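Some notes on the structure that comes next.
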Amino acid sequence: MSSRTRLALGSVVLVVVASWFVAPRLLGALAPHLYAGTVLQGDEPAAAMTGLANGAGHEIAVSGGDGDLVLVYFGYTHCPDVCPTTLATVAESRRRLGDDAGAVDLVMVGVDPGRDTAAELDEYVAFFDPTFRAVTGPEAAVAEVASAYGVFYDHGEADADGDYTVDHTATLMGIDGDGVLRIVWPPDISAEALTADLAELLG
Amino acid sequence: MPRWVWAGGGLVVLAVVAAMAFAIFEPIQVLPRLRLAPGFSLDAADDGRLTSEDGRGVVTLYGFSPLECGDDATCNAAAEVRRTMADAATSMAAVDFGDTEVHLVIVALDAPAPADLPADGPVTWLTGDVDELRTVVGSGFEVFYETDDAGAVTRFDPRYVLVDGNGVVRGDYRYKTLTSTADKVADHAEILAEEIRYAAGATALAYEAAHLFLCYP
């Protein structure tokens, strides 16, 4: 085999191997991102958290349009499964985002104001991620904000010990940097899929 | 000019033409995902409560009307809502939604007792207390209505809202046009049904592309 043929064959092998690794990445970069969440296409600002406050007694603006993504979740501290799972998923996604994590906030709205004070909610969400925030308030104010976010919740019957669960919509919602409610994720979203969506939303 | 430049340029032109053809000829039609429908828990006639969570995985058309009416204008508008919902029920029943259920709901604006709610064939009536209705119907579904001191509805703007199984508003009908609301709903139901049937697996990408090209502001 001549040196010229060897060079040609070597080049072909090199091109094939390079294509094997590069092509999927190139195609991935060109293809539109397929969101795991449901993207909303309206442009109305997200509902304000009117009448709700954090442990320090301050209202939290979620649609200020300051460029950060704000994730909104409705839950309560006695929640046995879905709330801790979702909060842990968001915390894991923020870790995976690395330096971009600072542009992602989470606010949990407490749907059990009879048991959870704002201070207890603050402590609860901080267990998952110290940047997480929480708000709650009078029942009527919580109900109004929940309805505006498409969230239903209902306190179940108390057992002999006075314990009860709260059935609630467990979707996770994302408000974009312009203050528009832009995306809704199902409760079983994985950290991997959520991270991919968040990275895409952050651009 | 080298051949690879021509080839590259041709690919770019092809991609642009394909995108334009997709936007102009709309081989796939989709309804925009407008906003989240409000969350609620309201009373039904059978002593039960119907919640927005019951609508998960279900396509629902909501209408809004008082059960009782005073003046002619309100009575005519209320009768038209019932007629439109009945027509929509017939036309939506003919649409192939696959395994997806379809619900038709009228929310009573004058907060009657659940026992007074009528059984309107395929349409389910819901009611609640005055504050609940203000929150869900007035603020949430953005339906305009006025009541007098006794709670009777004196004026309302008929509105119909088509909500998909994810609780997202896909159609909002509030103005009269030459095409009847029931016909518009039927057309949109066809489009939504097709998206539900095909927006899984590989075709999901095509539907997301359709949303991207046709719906984004």
Side-chain angles (χ1 to χ4, degrees), chain A residues 26-28 30-48 50-51 72 74 82 109 111 138-156 166-176 178 180-187 197 200, chain B residues 11-12 15 19 22 30-42 49-57 128-129 131-142 163-170 172 195 199-217:
Chain A
L26 191 62
L27 287 174
L30 292 175
H33 174 72
L34 193 58
Y35 284 95
T38 301
V39 178
L40 304 178
Q41 290 144 343
D43 52 6
E44 291 174 30
T50 309
V72 177
F74 290 74
V82 69
V109 179
V111 293
E139 188 73 51
V142 172
E144 190 143 348
V145 171
S147 182
Y149 281 88
V151 168
F152 149 79
Y153 69 94
D154 187 32
H155 296 175
V166 181
D167 291 334
H168 63 99
T169 305
T171 49
L172 176 69
M173 284 157 273
I175 298 171
D176 69 15
D178 295 323
V180 175
L181 182 56
R182 182 57 68 208
I183 188 164
V184 182
W185 289 281
D197 282 2
E200 185 70 18
Chain B
L11 279 176
V12 170
F22 197 86
V30 287
L31 300 178
R33 299 178 185 126
L34 297 171
R35 61 182 180 276
L36 282 179
F40 66 81
S41 174
L42 295 172
R49 303 239 339 147
L50 198 76
T51 76
S52 45
E53 284 303 297
D54 295 324
R56 290 276 157 198
D129 68 36
D131 290 336
E132 275 179 320
L133 291 172
R134 283 272 170 227
T135 299
V136 174
V137 179
S139 303
F141 283 107
E142 300 174 10
V163 177
D164 70 15
N166 290 319
V168 177
V169 174
R170 305 300 290 273
D172 194 347
E195 180 176 339
T203 50
L205 196 60
Y207 275 88
E208 284 311 309
H211 276 286
L212 187 70
F213 283 117
L214 308 176
C215 299
Y216 278 83

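Just so it is clear, the model here is predicted, and its values are computed rather than measured. Letters A, B, ... are given to chains in the order of the sequence lines, protein chains preceding strands, and every chain is numbered from 1.
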Exercise. So which part of B:Val168 gets closer than 4.5 Å to some heavy atom of chain A, the side chain, the backbone, both or neither?
Worked result: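 Just the side chain, heavy atoms under 4.5 Å.
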
Problem set entry | Atom group of B:Arg134 that falls short of 4.5 Å from chain A, counting heavy atoms |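 For B:Arg134, neither part sits under 4.5 Å from chain A.
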
Exercise. Considering residues at least two apart in sequence or located in another chain, which fulfil the side-chain hydrogen bond (donor to acceptor under 3.5 Å, both in side chains) criterion with A:Tyr153?
Worked result: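 Scan of A:Tyr153 (side-chain hydrogen bond (donor to acceptor under 3.5 Å, both in side chains), adjacent residues dropped) gives A:Glu139.
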
Problem set entry | Under the side-chain hydrogen bond (donor to acceptor under 3.5 Å, both in side chains) test, residues paired with B:Thr135 that sit two or more places apart |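 B:Thr135: no side-chain hydrogen bond (donor to acceptor under 3.5 Å, both in side chains) contacts found.
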
Problem set entry | A:Ala47 to A:Tyr149 - nearest heavy-atom pair and separation |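 For A:Ala47 versus A:Tyr149, the nearest heavy atoms are O-OH, 2.5 Å.
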
Problem set entry | Engaged part of A:Glu44 at the chain B interface, taking heavy atoms whose separation is under 4.5 Å |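 The answer is the side chain of A:Glu44.
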
Exercise. Is chain B contacted by the side chain of A:Val184, its backbone, both, or neither, given a heavy-atom distance below 4.5 Å?
Worked result: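 Looking at A:Val184, just its side chain touches chain B.
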
Problem set entry | Non-hydrogen side-chain atoms of B:Leu31 and B:Glu195 separated by less than 4.5 Å |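 No, every pair of side-chain atoms sits at 4.5 Å or beyond.
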
